[in-house]
Each structure stands twice: as C-alpha cells, then as structure tokens.
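Quick one: structure below, then a few questions.
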Amino acid sequence: MQPRSDVLAALRGRSVVLCVTGGISAYKAVEVCRRLVDAGAHVAPVLTDDAQQFVGATTFSALASEPARTSLFAGPEAIPHTRLGQGADLVVVAPATAKVIGKYAHGISDDLVTATLLATRAPVLVAPAMHTEMWEHPAVVDNLALLAARGVHVVPPESGRLAGGDVGAGRLAAPERIVAAAAEVLSRSGDLADLRVVVTAGGTREPIDPVRYIGNRSSGKMGYAIADAAAARGADVVLVTTVHRPVHPRVRVEAVVTADEMAAATLAAAESADVVVMAAAVADFRPKAAAPAKLKKADGVPEIVLEPTPDILRLLGERKRADQYLVGFAAETDDVQENAAAKLAAKRVDLMVGNDVRSEDSGFEVDTNRAVLLDADGGVEEFGLVTKVRLADLILDRVRTPHPRQGAPE
Ligand code: PMT
C-alpha cells in the first residue's frame with residue numbers, strides 16, 4: 001500500500017541521516033533513499049564497509065542530497081559523526097544487521113554509522129533485516145528490547161523470501177513502510193514536551209506471609225511501553241511500577257510492591273501531573289492481616305480473610321483537576337466495550353482502554369494487545385491486533401488530541 005502523501009509531509013525540509021549496513025537487503029535502502037528525497041527530506045547517506053559489499057556508495061551519492069560517507073577518517077571533515085549526529089532531525093538505519101543492533105545497544109562506536117548513532121540526540125529508527133534464526137536469537141531480541149526501552153523506534157521485518165532461498169521472518173520491511181514510519185516518528189517527536197505524565201505498570205503483590213502473596217500475571221509491558229513512548233515524545237515521565245525492565249533513560253522510576261504503596265506514590269505524583277495512565281493491574285483484595293512468619297504446612301490450610309485495596313483510579317478520578325487527563329485500563333474477558341464503558345463512567349476517567357485479556361495474543365504478558373479506546377465524550381475506536389508499543393502511541397495521540405465526539409463532524 002502506498003503511504004498517503006499527507007503522511008509524508010512531516011519529512012519535508014527535515015534532515016535525515018540514512019545509515020546503510022551490510023545485508024543483502026542493502027539494495028532496498030536505495031529505494032528508501034529515493035523515497036525520502038522525493039518526500040522533501042534532506043538525506044545524508046552513510047554506508048558501513050559491509051554495506052559496500054552489497055551496494056555502492058556512488059548509487060547513494062547520485063540519489064541523495066549530499067555525497068555518501070563511508071568512513072570516520074577518509075572524508076574532508078575531521079569529525080563527520082558529530083556534524084551528522086548533531087544536525088540530524090532523524091537517523092534511519094536500514095537495513096540494520098544483528099551486528100549494528102548489538103553495537104548500538106552496547107555503545108560500541110567503531111565506524112561512522114555507530115559513531116553517528118551515539119553522537120545524535122535525534123530520534124532513531126531502525127529497520128532490522130537478517131535471517132530468521134538471527135532475528136529470533138535471544139541476543140538480538142534483548143538488544144532490540146534495550147534499544148526500544150531507550151526510545152529507539154523499530155520497523156519490524158516482514159516474513160518472506162530471504163537470501164539463499166529460505167523463507168521466514170527477517171526480510172527488511174518494504175521501503176514505503178520504512179519511509180512512512182520515518183514520517184510518523186518525525187511528526188510525533190517532541191509533541192508531548194510540555195506534559196508531565198505519570199504511568200503505572202505491573203501487578204501489585206499483597207502479602208499473605210513473608211514469602212507468599214496474592215498477585216496477578218501483569219508483566220508491566222503495557223505500562224513500560226507507555227512510559228517509553230511518552231518519554232521518547234518529550235514528556236517528563238514518572239513510572240510507578242512493581243516490575244523492573246529496561247526503560248527510557250529519562251523516565252523516573254518509583255518502585256512499589258503493594259496496592260497501598262502504589263496508591264501513595266501515584267496520588268502524590270499525580271498532584272503535579274498533566275496526564276495519569278493507570279496501566280497497572282492492582283489487586284482488588286488483600287489479606288486483612290499478613291502473617292508475621294511463614295505459614296507452616298503442618299499447621300493445616302490457613303483461612304485467609306480478605307479486604308478491599310484502595311481503588312487508585314477511582315481516587316484519581318475524584319481528585320482530578322479540570323486540566324488533568326486520566327487514562328484507565330479495563331482488563332476484560334467478555335463484553336469488553338460494555339464493561340469498559342461502565343468503568344469509564346464509574347471512575348470518572350477521560351479515556352478508558354478496554355483490553356481483551358482472554359485471547360492468547362492480547363492482555364497479560366504478551367507483546368501485543370487488542371483494545372478499544374472509549375472517551376468520556378462518547379468517542380469509540382477499536383483496534384485489531386497491535387503491538388503494545390504501537391498501542392502506547394495511539395493512546396498518547398488521544399492525550400494530545402482527544403478523539404472527536406462520536407458522530408460529530410471532523
Ligand atoms: O502488564 P502486561 O503483562 O503488559 O499486561 C497489561 C495489562 C493487561 C495489565 C493492562 O493492559 C491492563 O489491562 N491493566 C489494567 C488491569 C486491571 O486492573 O484492570 P481492571 O479492569 O481490574 O481495573 C480497571 C482500572 O482500575 C485499571 O486502570 C486499574 O489500574 C485500576 N484499578 C483497579 C483496582 C484498584 N484497586 N485500583 C485501581 O486503580
């Protein structure tokens with residue numbers, strides 16, 4: 001599908017450093033370069049030595065806005081990586097090999113591409129391409145997760161024919177997808193810079209005794225995706241969390257365990273926040289009194305009396321300032337929209353994200369989600385299967401520009 005030209009408008013007049021690394025799909029980077037230039041971007045190509053095994057620098061020099069660079073030392077400039085990095089509005093790495101992803105994740109800068117990546121404060125978009133075995137290797141998965149947590153944008157590869165005739169996941173995303181993603185990153189970069197955002201993540205643990213607790217399956221992935229995305233878009237972010245994962249360096253993390261601790265930290269942070277997103281799975285009940293010592297099997301089956309925990313979202317709704325935007329999540333196993341709408345009204349939130357936690361590819365622990373966004377004005381937007389990273393941006397888009405009233409003229 002061709003991207004609509006208005007989507008590409010964000011590229012007009014922007015400086016894009018296009019880093020090409022050494023995979024067979026480097027030839028497709030030529031098309032990425034051409035499309036970026038056609039969309040009005042100023043494109044500076046940089047090729048690694050490995051990339052030049054597959055495609056020539058002359059091709060990029062002919063198509064781009066300035067001659068292709070291939071070395072930290074060979075050109076006329078003394079320190080080309082700082083000029084490139086500091087001058088960029090966006091750095092795109094396409095294709096990004098397992099090698100460059102690994103070097104970038106671990107701060108190794110031994111060529112012009114990796115030095116430029118470390119010398120930039122501009123958003124970075126990587127489009128990985130490699131064989132399926134490499135794409136699925138835990139080292140690559142972890143390195144990409146680390147980069148994503150630092151706010152690096154990823155255009156995942158597609159499935160299809162790979163070098164050598166193999167078929168599987170790992171083929172470079174189509175050039176039009178990479179260019180559309182570049183435009184999207186540019187259109188969002190810094191758009192939340194004026195906002196203070198509080199996000200909660202993970203499931204609370206309510207102690208039964210010093211070693212056991214009542215908990216739930218929340219991995220924190222959804223909350224972390226929102227915190228990462230908000231920070232990458234310039235917001236000042238506080239993350240109140242029960243779980244620990246790599247996170248964008250500008251996110252301030254407040255570690256909590258129980259619903260009481262999450263309530264105290266979230267309500268305090270919310271006082272000065274513009275946006276609060278309750279993505280955590282807070283236990284609804286806790287043992288009335290946690291045993292001071294480990295319960296012994298020999299003493300028989302314990303009777304545990306439960307009591308309700310504070311409903312943090314409800315408290316946030318009651319205390320909400322007129323200029324504050326409150327986002328809740330509804331974890332539902334059936335009638336997602338109806339149940340989410342009831343929670344939206346009961347807890348006085350501005351946006352409720354109803355998510356289906358019964359299907360295997362949505363809700364707890366997985367990287368994807370199926371969600372419906374309901375706003376207090378009756379706006380309804382349903383999404384099929386999307387990554388949590390993508391859903392995070394869609395939620396933050398509503399924070400910036402609330403959804404129009406359902407049925408109201410655009
Ligand atoms: O962490 P992951 O593995 O990525 O999974 C993501 C998720 C499924 C946890 C997340 O997408 C999600 O749905 N979070 C909300 C889970 C939940 O507690 O839903 P609920 O329908 O029970 O509660 C509704 C809202 O009230 C939620 O925003 C919840 O944070 C809030 N709540 C609930 C109980 C309570 N005592 N205090 C609260 O603030």
Side-chain angles (χ1 to χ4, degrees), residues 6-12 14-17 41 85 88-93 117 120-127 144-156 178-201 220-241 245-253 269-270 272-279 323-327 329 350-351 353 367 369 371 373 375 381 383 386-403:
D6 56 335
V7 174
L8 302 186
L11 287 161
R12 208 167 300 135
R14 309 302 292 275
S15 289
V16 178
V17 175
D89 293 313
L90 174 70
V91 179
V92 177
V93 190
L117 285 168
T120 193
R121 293 203 174 139
V124 175
L125 176 73
V126 299
L144 265 177
L146 196 57
L147 291 178
R150 290 181 191 151
V152 172
H153 304 267
V154 180
V155 191
I178 297 170
V179 173
E184 196 173 330
V185 170
L186 278 171
S187 67
R188 285 192 168 126
S189 79
D191 70 334
L192 304 182
D194 54 338
L195 297 182
R196 273 177 292 192
V197 177
V198 177
V199 184
T200 64
K221 286 182 180 176
M222 190 67 246
Y224 270 72
I226 296 167
D228 283 337
R233 292 168 67 166
D236 181 5
V237 184
V238 174
L239 176 66
V240 181
T241 179
R245 314 174 59 85
V247 72
H248 192 290
R250 287 200 304 99
V251 172
R252 272 178 295 141
V253 174
S272 59
D274 302 293
V275 180
V276 184
V277 185
M278 278 297 303
D323 62 347
Q324 204 173 44
Y325 196 85
L326 185 55
V327 182
F329 270 74
D350 298 291
L351 185 73
V353 185
D367 292 323
N369 217 344
L373 302 192
D375 72 24
E381 203 166 359
F383 300 105
V386 291
T387 63
K388 286 181 177 172
V389 171
R390 171 83 181 136
L391 182 58
D393 266 328
L394 293 168
I395 292 166
L396 293 171
D397 288 349
R398 298 302 169 281
V399 167
R400 186 76 285 175
T401 317
H403 192 272

message = Are the side chains of Val154 and Leu147 in contact, using a 4.5 Å heavy-atom criterion?
response =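 With C-beta onward as the side chain, the pair stays apart.
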Sub-4.5 Å side-chain heavy-atom contact between Val197 and Val275 =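 When only atoms from C-beta onward are counted, Val275 and Val197 do touch, with a gap below 4.5 Å.
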query = Can you name the residues that form a salt bridge (charged side-chain N to carboxylate O under 4.0 Å, His left out) with Arg196, not counting sequence neighbours?
reply = none
inquiry  = Side chains of Val92 and Val155, heavy atoms from C-beta outward: is any pair under 4.5 Å?
reply    = no
query = Side-chain contact, heavy-atom cut-off 4.5 Å: Leu195 with Arg233?
reply = no
key: Partners passing salt bridge (charged side-chain N to carboxylate O under 4.0 Å, His left out) against Arg250 (at least two apart in sequence or in another chain)   =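 By the salt bridge (charged side-chain N to carboxylate O under 4.0 Å, His left out) rule, Arg250 matches no residue at all.
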request  = Mind checking the CG-CG spacing from Asp236 to Leu192? Nearest 0.5 Å is all I need.
outcome  =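 The CG atom of Asp236 sits 11.5 Å away from the CG atom of Leu192.
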key: Pairing residues for Lys388 by the salt bridge (charged side-chain N to carboxylate O under 4.0 Å, His left out) criterion, not counting sequence neighbours   = none
ask   = Of the non-hydrogen atoms in Val185 and Pro123, which two are nearest, and what is the gap between them?
value = CG1-CB, 3.6 Å
ask   = From Thr120 OG1 over to Leu90 CG, what is the distance, rounded to the nearest 0.5 angstrom?
value =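 Between atom OG1 of Thr120 and atom CG of Leu90 there are 8.5 Å.
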request  = Kindly write out the residues that satisfy side chain to side chain donor-acceptor pair (under 3.5 Å) with Asn369, not counting sequence neighbours, or none if the list is empty.
outcome  = Asn355, Ser362
inquiry  = As a quick check of understanding, evaluate side-chain contact (heavy atoms from CB on, under 4.5 Å) for Val126 and Leu144, giving each step before the final call.
reply    = CA-CA 9 Å; Val126 299; Leu144 265 177; 4.1 Å; yes
query = Considering all heavy atoms of both residues, which atom of Arg398 and which atom of Phe383 are nearest to each other, and what is their separation?
reply = NH2-CZ, 3.9 Å
Residue pair Ala269 / Val238: nearest heavy atoms and the distance that separates them = CB-CG1, 4.3 Å
ask   = Residues in salt bridge (charged side-chain N to carboxylate O under 4.0 Å, His left out) with Asp274, at least two apart?
value =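 None.
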message = Tell me the closest heavy-atom pair linking Ala227 and Val251, and the distance in Å.
response =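 The answer is O-CG2, 3.8 Å.
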message = Nearest 0.5 Å, please: how far is CG in Leu373 from CD in Glu381?
response =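 It comes to 6.0 Å.
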message = If I compare all heavy atoms of Val276 with all of Ala270, which pair ends up nearest, and what's the gap?
response = CG2-CB, 3.8 Å
key: Nearest non-hydrogen partners of Gly220 and Ala201, listed with the distance   =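 Of all heavy-atom pairs spanning Gly220 and Ala201, the closest is O-CB, 4.0 Å.
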query = So, the side chain of Asp350 versus the backbone of Leu326: is there a donor-acceptor pair under 3.5 Å, distance only?
reply = yes
message = Once rounded to the nearest 0.5 Å, what's the spacing between atom CG of Leu186 and atom NE2 of His153?
response =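 Going from the CG atom of Leu186 to the NE2 atom of His153 covers 9.0 Å.
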ask   = What's the verdict on side-chain contact (heavy atoms from CB on, under 4.5 Å) for Val124 and Val91, showing C-alpha distance, side-chain angles and the deciding distance?
value = CA-CA 5 Å; Val124 175; Val91 179; 4.1 Å; yes
task = Could you tell me whether the side chain of Ser15 and the main chain of Ala88 form a donor-acceptor pair under 3.5 Å?
result = no
Rounded distance (nearest 0.5 Å) linking atom CG of Asp191 with atom CG of Asp397 =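 If I round to the nearest 0.5 Å, the distance is 7.0 Å.
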message = Going by the rule side chain to side chain contact (heavy atoms under 4.5 Å, CB included), which residues pair with Pro246 if we only count those two or more places apart in sequence or in a different chain?
response = Leu146, Ala149
